[in-house]
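Nothing fancy with the numbering, it's 1 onward along the sequence. Predicted model, so just to flag it, every value in this text is computed and none were measured. Scope of the values below: all heavy atoms of this structure, side chains included, with no hydrogens, waters or symmetry mates.
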Amino acid sequence: MTSSKVTVLGGGSFGTAVANIAALNHHPVTLWMRSEKQADDILQNRQNSRYLPGYRLVDNLTPSLDLESAVRDAHYVFVAVPSKAFRAVVEETVQYLPANARLISLTKGIEPTSFKLMSQILHDLAPKHDVGVISGPNLAKEIADNQISATVIASYSQALRQEVQQLLSCPSFRVYGNPDIYGVEMAGALKNIYAIITGLAVALGMAENTRAAIITRSLAEMSRFAVRLGANPMTFLGLAGVGDLIVTCSSQLSRNYRVGYYIGEGMTLKQAIKKIGETAEGINTLRMVNEKADELGVYMPLVKGLYAIIYQDMPVKEIASRLMSGDLAEDVEFMSVGM
């Protein structure tokens, strides 16, 4: 692949990790951020000490505080800012975009007021540009450490999927394509809720059987909800579904898992968020999904239970008891298709 100018908006851990992969593949990369201190750190020390301490960033990755200069010649613009700031940043960006720039979201979340996914916001604000989403089992620190990882690029555009596969694939990072952009993105947003539940369960000393049951029923619940909204159920059997769910429900590197763990240890939600020092998208996603499930009449006992613990101060033991006495259901959903 010929060298392409890549811009990443947002200097958090995942944005920095993706920017560094593109730079390692010999593309000139601009990492836009608002923090002058963080930009100076990258220029002087070649690392993002706040979000990826100890990992060296390659020389052709350049930090920038100037949004216009960062995107005006970009072939690919990756957006890696928290969901609550996503629309505002993209609104500010579109005026500077070249006509042929591709837009790819790295953010896993749902817009608080509209229930729109990040790709839908990109489509709304930049309708003439091809749009994609990257999602999968991608702990930023492991990617930065060159541990073998894989992800999914989802887009209606086959050309964009193939271009991003070539742009980011390297010996330690493999990119797979999927045309089900809604399913891939919804899976990435929903799994954060279940990471909080699993972290909370582990902190309370629940057994391995319990953890396996929670993760498996989480997959059933999240796919049931997403399919009702239009996703392909098969997407949840891939990296963006079960792959991402396994890693985020198992690793202390997952921010949402740690939020749940700290709450399970007795911290308040505010204390837990302050301790991890980064955005945990699952907290906001939980509230929105709970409301949407009510609106659509989708059965989501795990979401209901976590919502009661976090937003209604219900005792964990009481919620656990309710979950074990709920309606008996089939193990695997969607099996009737084709039978």
Side-chain angles (χ1 to χ4, degrees), residues 10 12-14 79-87 105-122 133-139 154 181-201 214-215 217-231 235-236 240-249 251 254-263 269-270 272-273 276 278-296 298-312 319:
S13 56
F14 192 48
V79 188
V81 298
S83 60
K84 64 182 180 182
F86 196 94
R87 181 178 289 274
S105 170
L106 301 178
T107 301
K108 298 173 178 176
I110 301 172
E111 189 175 44
T113 54
S114 67
F115 206 80
K116 287 190 174 183
L117 301 175
M118 301 303 108
S119 68
Q120 294 173 313
I121 296 174
L122 292 176
V133 167
I134 281 184
S135 189
N138 300 144
L139 298 170
I181 188 169
Y182 190 84
V184 165
E185 198 168 16
M186 186 57 81
L190 292 174
K191 56 86 183 175
N192 290 329
I193 296 173
Y194 304 103
I196 297 171
I197 295 172
T198 310
L200 195 154
I214 290 173
I215 293 175
R217 296 314 303 166
S218 296
L219 184 64
E221 188 170 297
M222 61 194 281
S223 58
R224 182 189 310 137
F225 179 78
V227 168
R228 178 66 182 276
L229 289 169
T235 292
F236 289 79
V242 67
D244 202 1
L245 187 65
I246 289 172
V247 75
T248 201
C249 289
S251 175
S254 163
R255 287 167 283 178
N256 293 283
Y257 177 97
R258 279 182 283 154
V259 164
Y261 190 88
Y262 294 142
I263 291 173
L269 175 60
K270 187 175 181 179
I273 291 173
I276 65 170
E278 294 183 75
T279 300
E281 292 280 2
I283 296 298
N284 292 326
T285 304
L286 169 66
R287 179 177 50 77
M288 291 182 281
V289 169
N290 180 66
E291 293 175 359
K292 198 68 169 178
D294 285 344
E295 177 187 328
L296 298 173
V298 179
Y299 180 57
M300 302 189 77
L302 292 171
V303 163
K304 290 291 174 191
L306 184 62
Y307 184 87
I309 292 169
I310 289 184
Y311 289 107
Q312 298 172 333
I319 297 302

With side-chain contact (heavy atoms from CB on, under 4.5 Å) as the test, pick out the partner of Ile193 among Asn290, Ile283, Val303. Val303

State the [atom1]-[atom2] distance between [X] and [Y], to the nearest 0.5 angstrom.
{"X": "Phe115", "Y": "Glu291", "atom1": "CZ", "atom2": "CD", "answer": "9.5 Å"}
{"X": "Thr285", "Y": "Ile196", "atom1": "OG1", "atom2": "CD1", "answer": "8.0 Å"}
{"X": "Leu286", "Y": "Lys304", "atom1": "CG", "atom2": "NZ", "answer": "9.5 Å"}
{"X": "Glu281", "Y": "Lys108", "atom1": "CD", "atom2": "NZ", "answer": "10.5 Å"}
{"X": "Ile215", "Y": "Leu245", "atom1": "CD1", "atom2": "CG", "answer": "6.0 Å"}
{"X": "Ile276", "Y": "Tyr262", "atom1": "CD1", "atom2": "OH", "answer": "8.0 Å"}

Report yes if the side chains of [X] and [Y] come closer than 4.5 Å at any heavy-atom pair, otherwise no.
{"X": "Phe14", "Y": "Ile134", "value": "yes"}
{"X": "Pro137", "Y": "Ile246", "value": "no"}
{"X": "Val79", "Y": "Met118", "value": "no"}
{"X": "Leu117", "Y": "Val133", "value": "no"}
{"X": "Tyr194", "Y": "Ile214", "value": "no"}
{"X": "Tyr299", "Y": "Arg224", "value": "yes"}
{"X": "Ser135", "Y": "Asp244", "value": "yes"}
{"X": "Val289", "Y": "Ile110", "value": "yes"}

Output yes when a side-chain donor or acceptor of [X] lies under 3.5 Å from a complementary backbone atom of [Y], and no otherwise.
{"X": "Glu185", "Y": "Ser119", "result": "yes"}
{"X": "Glu221", "Y": "Leu302", "result": "yes"}
{"X": "Arg228", "Y": "Leu296", "result": "yes"}

Looking only at heavy atoms, which two atoms of [X] and [Y] are closest? And how far apart?
{"X": "Gly183", "Y": "Thr235", "result": "C-CG2, 3.7 Å"}
{"X": "Leu219", "Y": "Gly241", "result": "CD1-C, 4.5 Å"}
{"X": "Met222", "Y": "Ala187", "result": "CE-O, 3.5 Å"}
{"X": "Leu200", "Y": "Leu306", "result": "CD1-CD1, 4.3 Å"}
{"X": "Gly109", "Y": "Ser83", "result": "CA-CB, 4.2 Å"}
{"X": "Phe236", "Y": "Ala226", "result": "CZ-CB, 3.3 Å"}

Can you tell me if NZ on Lys84 sees more than 12 non-hydrogen neighbours from other groups inside 6.0 Å? no

Using 30° and 60° as the class boundaries, would you call the ring planes of Tyr307 and Tyr311 parallel, tilted or perpendicular? tilted

